[in-house]
Amino acid sequence: MINIAIDGPAGAGKSTIAKSLAHSLGYIYVDTGALYRAVGLNALRFGYDTKDEKLVTSTLSKIKVELKFINGVQKIYLNNEDVSEDIRTPQASMAASNVSAIASVREYLFDLQQNIADKNNCIMDGRDIGTVVLPNAQVKIFLTASVEERANRRYKELMEKNIEIDYNSVLEEMEQRDFQDSNREIAPLKPADDAIIVDTTNKSLPQVINDIKNIVEERV
Ligand code: DC
């Protein structure tokens, strides 16, 4: 199976780029952040502190997290409920980052991700795909952009979804999340040694997609 790993900080354009590439290659696109978001949302619904290792771990034996691919589009199910929209709030973003630092959560989601990659040609995006989940991926891309540009993109996305928030809160949240994700002990956000680093600051989306397509074509 052909596996392509795309890692990078929040708002670097991973999902848009991975979706477009997956579409043109006929691969499935796997957004692994959605898994952490589902675990975080579940803990939030219990009213738990999402940094509390014991409490969050206690939720894992009682949940069912599933990815389903409907006409190539990924949907995420939490206990048989489609939570694909509910996981996109700023609260769910921070909860995802918090629970993702917990070892039991990463272990719980690890097999699920590897099983999908074993059975499908796929493009998987996340933080530790090239380093931990798919160390043998044929192509590894690390996408990045300045934090201001990433916050600006995320702000526009949230506005389009009518989620009320101001730009400065988006920027602050993004800085905090990047810091947590890059400095945690297990599987921190960082480029794999053999990843190609692509900086998307000041580049248009079609330009970046084209650059990455060229990289993929050279290798696959
Ligand atoms: O990609 P995203 O913004 O939806 O991810 C939400 C959080 O999940 C992110 O802040 C860190 C965590 N995450 C992770 O630790 N490992 C991954 N492979 C994907 C996401």
Side-chain angles (χ1 to χ4, degrees), residues 3-22 27-44 50-51 56 60 63 65-69 73-78 82-102 105-117 122-134 137 140-145 147 150-151 153-155 157-158 161 163 170 173-184 186-192 195 200:
N3 296 156
I4 299 176
I6 302 192
D7 291 299
K14 298 187 297 290
S15 68
T16 316
I17 289 160
K19 255 185 225 162
S20 160
L21 266 176
Y27 293 6
I28 61 165
Y29 161 58
V30 186
D31 161 16
T32 63
L35 300 168
Y36 294 91
R37 286 170 182 269
V39 173
L41 177 69
N42 185 60
L44 280 180
T50 51
K51 284 192 171 176
V56 173
L60 297 175
I63 60 171
V65 177
E66 292 168 292
L67 288 181
K68 294 186 185 173
F69 298 91
V73 177
Q74 174 184 295
K75 294 275 171 196
I76 176 111
Y77 284 77
L78 172 63
D82 180 355
V83 292
S84 310
E85 290 297 318
D86 296 28
I87 57 165
R88 297 290 157 201
T89 63
Q91 291 80 0
S93 299
M94 199 45 87
S97 178
N98 289 344
V99 301
S100 76
I102 299 174
V105 173
R106 302 204 75 85
E107 276 160 27
Y108 173 76
L109 298 174
F110 184 77
D111 290 348
L112 204 159
Q113 297 169 79
Q114 279 205 333
N115 284 337
I116 297 173
C122 71
I123 303 191
M124 197 171 270
D125 85 14
R127 302 293 185 288
D128 64 335
I129 307 305
T131 51
V132 177
V133 179
L134 304 176
K140 297 181 187 177
I141 306 281
F142 191 86
L143 265 193
T144 179
V147 69
R150 293 187 288 110
R153 291 177 191 163
R154 185 52 55 87
Y155 174 66
E157 259 172 40
L158 292 169
K161 286 185 186 163
I163 296 178
V170 177
E173 188 234 86
M174 202 156 261
E175 284 174 332
Q176 192 187 340
R177 207 143 68 88
D178 286 350
F179 182 83
Q180 281 193 179
D181 295 344
S182 309
N183 291 284
R184 66 182 177 222
I186 327 154
L189 165 67
K190 65 168 185 199
T200 69

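The model shown is predicted, which means the values in this text are computed figures rather than measured ones.
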**Heavy-atom closest pair, residues Arg88 and Ile163** = O-CD1, 4.3 Å
**Request:** Would you please test Tyr36 and Val65 for side chain to side chain contact (heavy atoms under 4.5 Å, CB included) and show each step?
**Result:** CA-CA 10 Å; Tyr36 294 91; Val65 177; over 6 Å; no
**Fill in**
side chain to side chain contact (heavy atoms under 4.5 Å, CB included) test vs Val39 passes for just one of Ile63, Ile102, Leu44, namely Ile63
**Message:** Would you compute the distance between atom CG of Asp31 and atom CD of Gln74 and round it to the nearest 0.5 angstrom?
**Reply:** 5.0 Å
**Asked** Which value, rounded to the nearest 0.5 Å, describes the distance between Thr16 atom OG1 and Asp125 atom CG?
**Response** 9.5 Å
**Item:** Test side chain to side chain contact (heavy atoms under 4.5 Å, CB included) applied to Leu21 and Tyr27, step by step
**Value:** CA-CA 8 Å; Leu21 266 176; Tyr27 293 6; over 6 Å; no
**Donor-acceptor pair, side chain of Asn42 and main chain of Ala38, under 3.5 angstrom** = no
**Message:** My understanding is that only residues two or more places apart in sequence, or in another chain, count here; which of them pass side-chain contact (heavy atoms from CB on, under 4.5 Å) with Val83?
**Reply:** Leu41, Arg45, Ile76, Leu78, Glu81, Asp86, Ile87
**Message:** Less than 4.5 Å apart, side chain to side chain, heavy atoms only: is that true for Gln180 and Lys51?
**Reply:** yes
**Prompt:** Would you say Ser93's side chain and Thr89's backbone share a donor-acceptor pair under 3.5 angstrom?
**Reply:** yes
**Message:** Under the rule for side chain to side chain donor-acceptor pair (under 3.5 Å), what residues qualify as partners of Asp128, not counting sequence neighbours?
**Reply:** Arg106
**Asked** What is the minimum heavy-atom distance between Val56 and Ala43, and which atoms define it?
**Response** CG2-CB, 4.4 Å
**Listed partners of Thr50 passing side chain to side chain donor-acceptor pair (under 3.5 Å), at least two apart** = Asn98
**Asked** Can you check whether Gln113 reaches Ile129 side chain to side chain, under 4.5 Å on heavy atoms?
**Response** yes
**Prompt:** Can you name the side chain to side chain donor-acceptor pair (under 3.5 Å) partners of Ser20, sequence neighbours left out?
**Reply:** none
**Message:** Once rounded to the nearest 0.5 Å, what's the spacing between atom CG of Asn3 and atom CG of Leu134?
**Reply:** 5.0 Å
**Asked** How far apart are the closest heavy atoms of Thr200 and Ala145, and which atoms are they?
**Response** OG1-CB, 3.3 Å
**Message:** Applying salt bridge (Lys or Arg N to Asp or Glu O under 4.0 Å), can you list everything that pairs with Lys140, at least two apart in sequence or on another chain?
**Reply:** Asp194
**Message:** Taking Ser97's backbone N and O only, do any of them form a donor-acceptor pair with Ser100's side chain (distance below 3.5 Å, no angle check)?
**Reply:** yes
**Request:** Measure the spacing between CE of Met124 and CD of Gln114 and express it to the nearest 0.5 Å.
**Result:** 8.5 Å
**Request:** Using side chain to side chain donor-acceptor pair (under 3.5 Å) as the criterion, list what pairs up with Glu173, not counting sequence neighbours.
**Result:** Arg177
**Message:** Taking side-chain contact (heavy atoms from CB on, under 4.5 Å) as the definition, give me every residue that meets it alongside Ala12, ordered by chain and number, with sequence neighbours left out.
**Reply:** Pro9, Leu143, Arg150
**Request:** Report the residues that fulfil side-chain contact (heavy atoms from CB on, under 4.5 Å) with Tyr77, sequence neighbours left out, ordered by chain and then residue number.
**Result:** Glu66, Lys68, Ile70, Lys75, Asp82
**Message:** As an exercise, state the distance from SG of Cys122 to CZ of Phe69, rounded to the nearest 0.5 Å.
**Reply:** 8.0 Å
**Asked** Got a sec, which residues hit side-chain contact (heavy atoms from CB on, under 4.5 Å) with Glu157, two or more places apart in sequence or on another chain?
**Response** Arg154
**Request:** Identify, with sequence neighbours excluded, every residue that meets salt bridge (Lys or Arg N to Asp or Glu O under 4.0 Å) alongside Asp7.
**Result:** none
**Prompt:** Can you name the closest pair of heavy atoms from Val132 and Phe110 and give their distance?
**Reply:** O-CE1, 3.8 Å
**Message:** Rounded at 0.5 Å granularity, tell me how far OH in Tyr29 sits from CG in Leu67.
**Reply:** 10.5 Å
